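Heads up, the thing below is written out as structure tokens.
Remember, predicted model here, so these are calculated numbers, not experimental data.
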2 protein chains.
Amino acid sequence: MKNTPVTIKDIARSLNISISTVSRALRGMQEIHPDTRRAVMQLAEELDYQPNQLAKNLAKSRTKTIGVIVPNLSYHYFSAMLNSIEEAALQAGYSVLVCQTNESYLRETTNIQNLLRSQVEGFIISLSRDTDNYEHVERLVRKNIPLVLFDRYAESIDVSKVIVDNHAAAFKATEHLIENGCRRIGFLAGPTQLVLSNQRVAGYRAALTKHGLSIGDQYVFHCDYTQENTIIQTLALMSLPQPPDGIVVISDRMAYSAMYALKQKGMRIPEDVAIVSFNNEPVSALFSPTLSSISQPIQEMGTETVRLLLRELNATDTAIPKETKVMETQLIVRASSMRR
Amino acid sequence: MKNTPVTIKDIARSLNISISTVSRALRGMQEIHPDTRRAVMQLAEELDYQPNQLAKNLAKSRTKTIGVIVPNLSYHYFSAMLNSIEEAALQAGYSVLVCQTNESYLRETTNIQNLLRSQVEGFIISLSRDTDNYEHVERLVRKNIPLVLFDRYAESIDVSKVIVDNHAAAFKATEHLIENGCRRIGFLAGPTQLVLSNQRVAGYRAALTKHGLSIGDQYVFHCDYTQENTIIQTLALMSLPQPPDGIVVISDRMAYSAMYALKQKGMRIPEDVAIVSFNNEPVSALFSPTLSSISQPIQEMGTETVRLLLRELNATDTAIPKETKVMETQLIVRASSMRR
DNA sequence: GTGAAAGCGCTAACAA
DNA sequence: TTGTTAGCGCTTTCAC
């Protein structure tokens, strides 16, 4: 027995008033007679009336909704960002529609399309790993649809974005290893199309150069994000004729795999190999040894991302200049890198 | 410069045909003249026409959307379930609207309300930790709105659900510890209002009883899900006059904290204390020592959950009997519990 | 094969 | 303070 939901028309009919009066009463407009309002409210309550959001949005041509597209919510970083974005959005009276790309370019395009069809008023996107063609997001820009990128962005797209200073962070992490006595430092990077990964590699190189420790490209290994592959790359790195005594890893998740591989090989962390990575996931504080990691100000990043989006959402007709917010990171030093 | 999206009306006007013809052409109906269809399609493509989903849904009084409410997507279990639910739903032509409760009863009720207003056709819910009043979900049942619960359910609600055999799983885990020589086994449980936690405690007790090892309630400690609290409870457990030589922990996440605390105290795992927990998160295979854990068939659970929901969604008028699907779990034995 | 018209549930002028 | 009317963008009879 499918139930037909109650509408304002039902309320109007049984109260013998017009539907606009009901609408007004329900929305708490001033000009309504207290008695009328009371009657409407009471009946609505009794019938457990739920306004039809579709109709409401259609009528107002306004959804107060923003679309959020992330690679995968099972990465702690993204689910944490989602929480902070949702919170900030809610505060501004917006609700959020979330989609995952599962790192697929194709799903990214269909997600954008679906959200567009759902009339979201703006987008917050972190690009998928496989995305190397930006036509779909550039189209949003051209159409003047408010959009903010975070974390996974691309240089060539002219949009507002919230990122961290990846170069500086990697520099800091690498220098930290150097200060702890490491002399041959390796890097476990992400896929080469990830801007973020390349920036971190650059920061790592800069630190090595500064300290006169420059070594060849063979100390940088690129992994996809799987455990298996990370383990393989780690072992490959350690099989170099002169294996590293320190490794910067591009994510905690990958560092867990790397550390597992190292321990399997009987290497001690940090004595034989020191480790620093990125993200500072909660589990990193519990790992053995506890993992030194670059922490990103997730809370603030979410707030900033939403702020930048609201700025475009509320912009008057003229196109406003894009803004890039670069956040500072913090190195959380734990056991995995403390050699002295 | 806010852009006015193109509508079928625009297409109709510039092609000098009626909007119903455009509508039909766009939906690929048979009766349309090939030439007309081609013209419409081409113009739609050119203008990057995106159908307004709100209008579509409103007109058809059908959204083909299901609402999913989970405690928190940053728990691996829930984001994994979401992925598997989404996949199954997509396959059946449904899209998914996700909400998080952050373990709050209040947000659970507002989430339900919002999804109702968004005209979702059915719900998949995993109750929040703080939920101990079920009126809000019972109301859905009364209204005959298709609903399936998974993982976090309540006995008293008469709905279809997908769960694992928690009693059997805990029994299996406990017995495994016993077989590995543990004689005083503790239990780090969740909050007492969690059905799932209580069932696991019961399974644990049953195993102890079977093996003549029954011990008092003082070996069961209840934690909230935070790291701090878990560490405190673990230390409390180990401070008993006769500390346990084995611990069953209700989640991997909590086990990480417990193991951290144990290692801090200088205890060896599994030699001094063996550990088994629940969820088999990917990280558990990398932890030191690797963590023995009860694995749930997440993929299958997602599929089943959607299947049960579709069953209600497609049901003819008569109320169909609720179905409870109890899934089997698997104990993945790793180093944390292998003492022989 | 195509068009006119009504309607999905609601909001928003404009009158009264 | 309330009602009437016209949409929002689309689907769906029902004619032609």
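An OP1 or OP2 oxygen of C:dC10 is reached within less than 4.0 angstrom by a side-chain nitrogen or oxygen of A:Tyr49. Taking only side-chain nitrogens and oxygens, A:Ser23 comes nearer than 4.0 Å to OP1 or OP2 of C:dT11. OP1 or OP2 of C:dC8 lies within a sub-4.0 Å distance of a side-chain N or O belonging to A:Lys9. Distances shown here put a side-chain N or O of B:Arg27 below 4.0 Å from the OP1 or OP2 atom of D:dT12. Listed pair B:Thr21 / C:dG3 meets the phosphate criterion, a side-chain N or O lying under 4.0 Å from OP1 or OP2. OP1 or OP2 of D:dG3 has at least one side-chain nitrogen or oxygen of A:Ser18 nearer than 4.0 Å.
Ion pairing between B:Lys143 and A:Asp48 holds under the 4.0 Å rule for side-chain N and carboxylate O. Salt-bridge annotation for B:Arg62 and B:Glu121: present, with a side-chain N of the basic residue lying under 4.0 Å from a carboxylate O of the acidic one. Salt bridge annotation for B:Glu135-B:Arg142: present, with a cationic side-chain nitrogen under 4.0 angstrom from a carboxylate oxygen. Ion pair B:Glu304/B:Arg311 not flagged as a salt bridge, since none of the NZ, NE, NH1 or NH2 atoms sits closer than 4.0 Å to an Asp/Glu carboxylate oxygen. Ion pairing between a basic and an acidic side chain is recognised when a charged N comes within 4.0 Å of a carboxylate O; A:Glu323 and A:Arg307 show such pairing.
When atom types are taken as modelled, the side chain of B:Thr303 and the backbone of B:Gln299 share a donor-acceptor pair closer than 3.5 angstrom.
For B:Lys56 and D:dC8, the NZ to P distance is 19 Å, given to the nearest whole Å. When the C1' atom of C:dT2 is taken as reference, atom CG of B:Asp35 falls 14 Å away, rounded to whole Å. The distance from atom CD1 of A:Ile8 to atom P of D:dT4 is 14 Å, rounded to the nearest whole Å. Rounded to a whole Å, the CG atom of B:Leu26 is 18 Å from the P atom of C:dG1. Distance B:Glu31 CD to C:dG3 C1': 12 Å, rounded to the nearest Å. Atom P of nucleotide D:dT1 and atom CZ of A:Arg37 are separated by 9 Å, given to the nearest angstrom. The distance between atom NZ of B:Lys60 and atom P of D:dG9, rounded to the nearest whole Å, is 19 Å. Atom CG of B:Asn52 and atom C1' of D:dG9 are 6 Å apart (whole Å).
Nearest to the side-chain atoms of B:Thr36 among the listed nucleotides D:dG3, C:dT2, D:dG9 stands C:dT2.
Counting any heavy atom pair closer than 4.0 Å across all strands shown, A:Ile32 reaches sugar-phosphate atoms only and no base atom. Contacts of A:Leu54 with the nucleic acid, taken as non-hydrogen atoms under 4.0 Å apart, are absent.
Judged by distance alone, with hydrogens and angles left aside, B:Arg24 brings a side-chain donor or acceptor within reach of the base of C:dG3, the pair sitting under 3.5 Å. Below the 3.5 angstrom threshold, one finds a donor paired with an acceptor across the side chain of A:Ser20 and the base of D:dT4.
Of the residues near DNA chain C, A:Val6 and B:Asn16, the one whose nearest nucleotide (by heavy atom distance) lies more toward the 5' end is B:Asn16. When the nearest nucleotides of DNA chain D are assigned to A:Gln30 and B:Ile19 by heavy-atom distance, the more 5′-ward of the two goes with A:Gln30.
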